[in-house]
Amino acid sequence: ALAEDDYEARRKDHISHFILRLAYCQSEDLRRWFLQQEMDLLRYRFNELTDNLRQKFLEHVNLAFEAISEDLKNELANELHASTPGLTMTKVKEQMYYKVGLADAVDLFRARRVFIKDGFAYVPLKEIDAIVLNNYRTKLSKALALTARSLPSIQSDERLQPLLSHLSHSYVGPDYSAQKNTGKISLEQIDTLSVKSFPLCMRQLHKTLRDNHHLRHGGRMQYGLFLKGIGLTLEQALEFWKKEFIRGKVDADKFDKGYAYSIRHSYGKEGKRTDYTPYSCMKIIMSNPPSQGDYHGCPFRHSDPELLKQKLQSYKVPPSGITQILELVKGMHYQLACQKYFELTHDVDDIGFSLNHPNQYFTESQRLLSGGRELKKEPSNSGNSQQKNNGQESTNSNSAPTSSTTTADAELEGLEAYFTED
Ligand code: SF4
């Protein structure tokens, strides 16, 4: 059904699909996420087809459901009309109907959206996508389980292993490393910014830090690198974390000996001197899930829906918006849920970009709030004064290329060893 010219594109599509299968078969969580994305893609593409092409597609994938004759359809017209919600009698007469085995139409049957007779469901063409999707889900699910079994032999290939283990959370979008923003914010601005321009994940981390005067290492990593990305200099970061921690159980000496090292490390001033990049949404969503007592992760992915609802209510998100967000979360569309949160908290109808990174959220929010201008630095003595001309914050000649996420991720695993102290 597709033009010859599309051959190359389809070939690439196939290859990337099978590579993704390998990368996403490795855990239940990854498999579930991948299945959901593939379902959405198939639904979109299937619904874009004309009736004729849909019919060809069904035959091509061996879902040869039998279209019933016009005579039989006229004979059953009243029953079809009564059992198929949303179709007028005229539409019933126009639509093609298929005779489908009950096993293939369980979802429609369960939702009482289809006419059943003698063990067959009579499904209108407009509902056939549910069946196609179900069928594909079952096939892909089995295929992923099979692929997972072959993983040990693939993982022993050292060319493939690093690629596969990082693909699920790799990030190829714009670089949100610190350089271009360094020194643009003062410590006094952070509380206000956290309410106006931080995505939910970072707002949650900031609030917890203020409330508990402590964050465990997953939170420090995620939030610390985000702050670095929005412009905190190393000196500001040291001051920020120290002030907060010594209000809790950590004394200044303990902070200087332990925590300060890891902050300098994340700014590329210790150890391998890698200039670490802030985490992308995929990395936050897909790796290192929070345990009890942790506040890192993505609230849309890792929070209990009831707690998420309460949090959104406390942030004055309107009830209809909360319902939409929870629906997106249910469908595993965490980044779309976050986009919806952006729209609702910034009072815009369309976010106008595709969200992939917490620092992108921040940048876009600031752009919007300042009417398209860059964030202006408010005058402040604290924080600012410490980063003047020390030459440390802008570049690091030994740093890894910050846009090379795979390299950075691999390096980061080394870094995380420095954050063992909770
Ligand atoms: Fe943070 Fe991304 Fe989750 Fe939004 S989608 S809360 S930016 S991790």
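One-based numbering along the sequence shown. Counting starts at 1 for both ligands and their atoms, following the listed order.
Note on atom 2 (Fe) of ligand 1: protein N, O or S atoms under 2.8 Å away count 1, no waters included.
Taking the six-membered ring where the residue is Trp, His17 and Phe34 present tilted rings, their angle falling between 30° and 60°.
A cation-pi arrangement is found for Arg203 relative to Tyr315, the charged atom lying closer than 6.0 Å to the ring centre and inside a 45° cone about the ring normal.
Counting heavy atoms of neighbouring residues, nucleotides and ligands inside a 6.0 Å radius, atom NE2 of His346 exceeds 12 of them.
Side-chain contact annotation: His217 with Asp294, donor-acceptor N/O pair under 3.5 Å absent. Inspection of the His296 and Tyr223 side chains reveals no N or O donor paired with an N or O acceptor under 3.5 Å.
No donor-acceptor distance shorter than 3.5 angstrom exists from the side chain of Arg301 to the backbone of Tyr334, with no hydrogens or angles considered.
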